[in-house]
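What follows is a set of notes on a single structure, which appears directly below.
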Amino acid sequence: MVTSSGNRVMVVKSGGPTAIPEWRVLFKEAIPDLEIRCWTESGALADIDYAMVWEPEPGRLARMPNLRLILSSAVGVEHILADPGLPRHIPILRTVPPEAADQMAEFVSWAVLHLHRDIPTLQQQQRQRIWKFHDPPLARDRRVGILGMGMMGRRCANALVALGFDVAGWSRTRRSIPKVRAYAGACELRPFLESLDIAVCLLPATPQTQGILGADALRWLKKGACIVNAGRGQQVPRLDLLAAIDSGHVAWAILDVFEQEPLAPEDPLWTHSRVIVTPHVASLPSRASRARFVADAILRFERGERPVTLYDPMLGY
Ligand code: NAP
């Protein structure tokens, strides 16, 4: 669809109306004739070719008769799939700029090093003025496993290999990455988890991954293993995790994502002595990097190429 002015139109719901001038500047360079309109002042819905959104109001995308591509303004797409009236025939792009995976690798490297060097115990000792040290194993003797070897998981695996860790990855299909032991499919989840000292969850939210690190899977981990969850909260049911920590089976958990966000003020996770809470900050790529990624995807889409990060409805991610 091209408006009477000759432009293609993208409606944006990301960062609120005050972010629109910045989005306009960012897209201007890459696609000068892409007209950016605010979601709340979108003009004629028939003008709209593209919608870049975060949590679109249910039913609104379906009222855009010439919509060609829906662009999630973030990596995940659950906030779009939650719309019961979503026009299912329109492709959805996940926005995964290289910066997003780099930031995730920083977060996961921090979390794994923090647990590996037992910094949480040292911080507890500091509060009690206790001068006592422990001999940490070498990184090469610490087994770290990543659940989900997608754009995020692979970048994190490479970062952990570079730090010297003994790294394994688990995914739906087997992913071969140098120096990373590859596990795949439901039947290899148990041997994968049984081998780990630190489990890092970077899975997408799908019906299959819901509750995947529940009571049984947590029992498969070695006693004293640690969990890092930067995938989605639903993957590690909080009551199962709290039971595993309180029984001493899981030593520490670093949680960036939660079943309910923001985490409720009364949630016991906030104050648990063996849980570190971060407010969904593992990967927060800049608007500039997301605009570059989205502009490139639109241009590829218009050339008839399939953007690599299209959501696959058959797989659910
Ligand atoms: P992706 O490229 O789609 O990769 C998903 C990975 O999960 C793939 O390796 C896939 O296996 C695997 N997988 C999916 N379903 C599975 C199942 N049932 N069993 C085993 N493995 C399964 O996703 P991504 O870009 O890496 O992002 C992953 C997730 O990170 C996002 O969906 C989001 O939940 C989370 N995230 C969090 C933050 C944060 O700030 N905390 C930021 C961004 C993203 P195959 O390789 O076989 O396809």
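In each ligand, atom 1 is the first atom listed, and ligand 1 is the first ligand listed.
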Proximal atoms of ligand 1 relative to [X] (non-hydrogen, under 4.0 Å):
{"X": "Leu203", "value": "7 (O), 12 (C), 13 (N), 21 (N), 22 (C), 29 (C), 34 (O)"}
{"X": "Arg232", "value": "33 (C), 34 (O), 35 (C), 36 (N), 37 (C)"}
{"X": "Ser171", "value": "9 (O), 11 (O), 20 (C), 21 (N), 46 (O)"}

Query raised in the report: Once the angle between the rings of His79 and Trp54 is folded into 0 to 90°, is it parallel (under 30°), tilted (30 to 60°) or perpendicular (over 60°)?
Result: tilted
As a check for students: among [options], identify the option with a heavy atom nearest to [atom].
{"atom": "atom 36 (N) of ligand 1", "options": "Ser283, Ala282, Ala230", "value": "Ala230"}
{"atom": "atom 31 (C) of ligand 1", "options": "Leu284, Thr95, Val75", "value": "Val75"}
{"atom": "atom 39 (C) of ligand 1", "options": "Arg155, His280, Arg174", "value": "His280"}

Which residue and non-hydrogen atom of the protein lie closest to [atom], and at what distance in Å?
{"atom": "atom 18 (N) of ligand 1", "value": "Gln208 CB, 3.6 Å"}
{"atom": "atom 21 (N) of ligand 1", "value": "Arg172 N, 2.9 Å"}
{"atom": "atom 17 (C) of ligand 1", "value": "Thr209 CG2, 4.1 Å"}
{"atom": "atom 8 (C) of ligand 1", "value": "Gly150 N, 3.7 Å"}
{"atom": "atom 48 (O) of ligand 1", "value": "Tyr317 OH, 2.5 Å"}
{"atom": "atom 9 (O) of ligand 1", "value": "Met149 N, 2.8 Å"}
{"atom": "atom 28 (C) of ligand 1", "value": "Leu202 O, 3.3 Å"}
{"atom": "atom 7 (O) of ligand 1", "value": "Pro204 CD, 3.3 Å"}

Could a heavy atom of [X] be found less than 4.0 Å from some atom of ligand 1?
{"X": "Asp256", "result": "yes"}
{"X": "Gly231", "result": "yes"}
{"X": "Met104", "result": "yes"}
{"X": "Trp170", "result": "yes"}

Neighbour count >12 (heavy atoms, 6.0 Å) for atom [atom1], [X]:
{"X": "Arg88", "atom1": "CZ", "value": "yes"}
{"X": "Arg181", "atom1": "CZ", "value": "yes"}
{"X": "Glu305", "atom1": "CD", "value": "yes"}

Would one find an N or O of [X], backbone or side chain, under 3.5 Å from an N or O of ligand 1?
{"X": "Gly148", "result": "no"}
{"X": "Thr173", "result": "yes"}
{"X": "Met152", "result": "yes"}
{"X": "Val96", "result": "no"}
{"X": "Arg175", "result": "yes"}

**Report entry** Proximity to ligand 1 by part of Arg94, non-hydrogen separation under 4.0 Å
**Finding:**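 For Arg94, the contact with ligand 1 is made by the side chain alone.
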**Report entry** Val257 contact mode with ligand 1 (heavy-atom cut-off under 4.0 Å)
**Finding:** side chain
Query raised in the report: Does the separation of the ring centres of His280 and Phe258 fall below 6.0 angstrom?
Result: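 Between His280 and Phe258, the centre distance exceeds or equals 6.0 Å.
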Query raised in the report: Which heavy atom in Ile212 sits nearest to a heavy atom in Ala217, and how many Å separate them?
Result: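 Scanning both residues completely, I find the closest heavy atoms to be O-CB, 3.3 Å.
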Query raised in the report: Are the charged groups of Glu41 and Arg37 less than 4.0 angstrom apart, N to O?
Result: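 Result for this pair is no, no salt bridge flagged.
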